[in-house]
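Everything on this sheet refers to the single structure shown next.
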Amino acid sequence: MFRVRRVLRAYPWQVHKKGLSYSFGRRDSRHGDRHWFQVPDPDHPRSSVTVYLDVNRYTRWWLERMFPQAQPEAKAEIRTLWVVGDPRFRAVLAVPGKRGPRRMLELPEGGRRAERLAHASPAALIRAAKAGVDLPELAIPAMETDRTPVVPAPEPPPGPAWSFPATRRSMRLRLLRGAALLAVSPVPFLWLLPGGHQGYHAGKGLGFVLLITVVPAFQRVRTSFSLYRKLRSRNTPWRTTDVEIRHRGRALVLVTGNEALRTQFALRRPPAGRAQVWYVGDIYGEGVVSLRADGAVMPVRCVEHGRPVAKPKAAASEEQSRKRQWGPIG
């Protein structure tokens with residue numbers, strides 16, 4: 001229901017009074033014995049996207065009316081259909097009722113993922129991302145950020161990154177915050193233990209809460225301590241990198257060339273657009289990025305490890321297709 005709600009907030013309803021082409025499934029057809037609907041493609045209205053329906057309790061009502069031997073009254077109920085969303089990524093099918101749409105059915109993705117990403121326009125990809133579709137970072141086009149100039153950053157210090165005072169202060173503060181969060185997270189669970197037998201049984205129900213609070217806090221401290229040791233052991237200096245900042249929930253995505261870096265959850269989010277940041281570390285593993293370009297650091301991890309990702313069309317995005325090149329960032 002939350003997924004359907006996000007689709008309803010991102011797309012308008014499309015009413016098809018003459019219905020949509022569908023089939024209950026025949027073995028002698030090219031679709032085999034699968035049940036399908038053909039929904040118009042938003043980018044190409046004359047073409048359609050075939051969406052297959054699985055047999056389960058959610059599609060039972062629809063399959064009963066798609067059956068060839070169904071009564072005319074039953075088939076008439078799916079003659080007028082309402083569609084919202086993009087059938088290539090996420091869409092919802094419904095029939096008209098007295099007070100609005102009813103029998104809303106979430107349709108599965110239609111077509112192969114690589115082909116959908118390659119033939120979708122930048123506007124369609126942006127709207128799909130707003131609807132909650134999980135797309136690769138490199139496939140999501142920039143939201144009017146190509147026209148914004150690069151925010152210049154000052155030159156980093158020449159020595160190792162750890163020799164910069166702001167870097168040491170920022171990493172120590174991050175470790176202190178992570179340790180404090182790890183110490184406070186099990187307090188609600190431990191508070192019920194001294195309550196005797198009754199408190200013990202009441203506390204057992206919070207085991208799952210203890211797991212989902214302590215484990216993330218421990219992972220945060222572990223990641224920060226690992227980066228802390230790497231910065232102290234390596235003599236790698238900061239280097240300036242041109243990136244494109246994109247927002248992905250509470251996280252940030254830094255796109256540079258054919259690589260995408262996703263940070264941890266950021267409380268302070270810089271505006272989306274092209275910018276210059278300081279970076280140190282390995283782009284194919286863990287690294288550290290300074291978003292404020294003053295040595296204040298934030299750990300990031302590479303989310304694309306050599307997998308080719310379909311980019312939007314060059315004509316639509318005004319970009320030339322680029323091949324993945326392995327080498328240093330920048």
Side-chain angles (χ1 to χ4, degrees), residues 1-16 20 35-37 39-43 49-63 77-78 80-113 116-117 120-141 143 185 188 205-217 219-220 245-253 260 262-269 272 301 303 309:
M1 294 303 301
F2 279 105
R3 292 198 302 265
V4 172
R5 180 173 177 268
R6 296 193 66 173
V7 174
L8 294 175
R9 297 183 64 178
Y11 294 92
W13 282 107
Q14 301 291 336
V15 180
H16 301 274
L20 299 174
H35 320 295
W36 51 267
F37 271 99
V39 185
D41 191 339
D43 292 335
V49 179
T50 303
V51 180
Y52 299 97
L53 300 183
D54 298 328
V55 180
N56 50 43
R57 61 190 182 92
Y58 300 105
T59 60
R60 182 183 304 171
W61 185 89
W62 294 88
L63 296 179
E77 295 186 25
I78 59 174
T80 302
L81 296 176
W82 290 18
V83 180
V84 60
D86 194 333
R88 298 168 296 181
F89 303 104
R90 184 175 295 170
V92 177
L93 189 64
V95 294
K98 295 182 179 179
R99 299 184 178 180
R102 64 185 184 93
R103 296 287 181 180
M104 288 188 289
L105 175 66
E106 184 182 4
L107 299 177
E109 297 180 354
R112 297 181 179 180
R113 188 178 183 85
R116 289 185 281 108
L117 294 176
S121 62
L125 293 174
I126 293 175
R127 180 167 285 187
K130 292 181 179 179
V133 181
D134 188 12
L135 300 176
E137 279 77 9
L138 294 179
I140 303 176
M143 300 182 184
S185 56
L206 294 178
F208 180 72
V209 179
L210 179 68
L211 181 66
I212 64 176
T213 54
V214 174
V215 172
Q219 289 288 85
R220 182 181 179 87
I245 300 178
R246 304 178 186 178
H247 296 163
R248 192 70 179 266
R250 296 306 304 175
L252 300 176
V253 178
R262 177 182 290 188
T263 70
Q264 292 182 341
F265 293 154
L267 298 180
R268 297 179 180 179
R269 302 195 305 172
R301 60 186 178 88
V303 296
V309 180

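Atom set for the values below is all heavy atoms of this structure, side chains included, hydrogens, waters and symmetry mates excluded. Note that the structure is predicted; figures quoted are calculated from it, not measured.
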### Query
Do you know the tightest heavy-atom contact between Arg90 and Ala131?
NH1-O, 3.5 Å
### Query
What distance separates Trp61 CH2 from Glu77 CD, expressed to the nearest 0.5 Å?
5.0 Å
### Query
Which atom names give the shortest non-hydrogen contact between Lys130 and Arg6, and what distance separates them?
O-NH2, 3.4 Å
### Query
Hey, does Val7 have a side-chain heavy atom less than 4.5 Å from the side chain of Phe89?
no
#### Entry: Residue pair Pro108 / Val51, side-chain heavy-atom distance below 4.5 Å
yes
### Task
Grab the two heavy atoms, one from Trp62 and one from Arg103, that are nearest each other, plus how far apart they are.
CZ2-O, 3.1 Å
#### Entry: Test side-chain hydrogen bond (donor to acceptor under 3.5 Å, both in side chains) applied to Asn56 - qualifying residues, sequence neighbours left out
Thr59
### Task
Please assess Met1 against Arg5 for the test side chain to side chain contact (heavy atoms under 4.5 Å, CB included), listing each intermediate value before the final yes or no.
CA-CA 6 Å; Met1 294 303 301; Arg5 180 173 177 268; over 6 Å; no
### Task
Search all heavy atoms of Pro12 against all heavy atoms of Arg127 and return the closest pair with its distance.
CD-NH1, 3.9 Å
### Task
Indicate the atoms forming the closest heavy-atom contact of Pro101 with Trp82, along with that distance.
CD-CZ3, 3.5 Å
### Query
Is there a side-chain contact between Leu81 and Val95, using heavy atoms and a 4.5 Å cut-off?
yes
### Query
So, do Leu8 and Trp13 sit near enough that their side-chain heavy atoms are less than 4.5 Å apart?
yes
### Residue pair Leu117 / Leu125, side-chain heavy-atom distance below 4.5 Å
yes
### Query
Between atom CD1 of Ile78 and atom CZ of Phe37, what is the distance when rounded to the nearest 0.5 Å?
5.0 Å
### Message
Is there a side-chain contact between His16 and Pro40 in this structure, where contact means two heavy atoms from C-beta onward sitting under 4.5 Å apart?
### Response
yes
### Query
Can you tell if the side chain of Leu93 reaches within under 4.5 Å of the side chain of Leu20, non-hydrogen atoms only?
yes
### Query
Which atom pair, heavy atoms only, marks the closest approach of Tyr11 to Asp86?
OH-CB, 3.7 Å
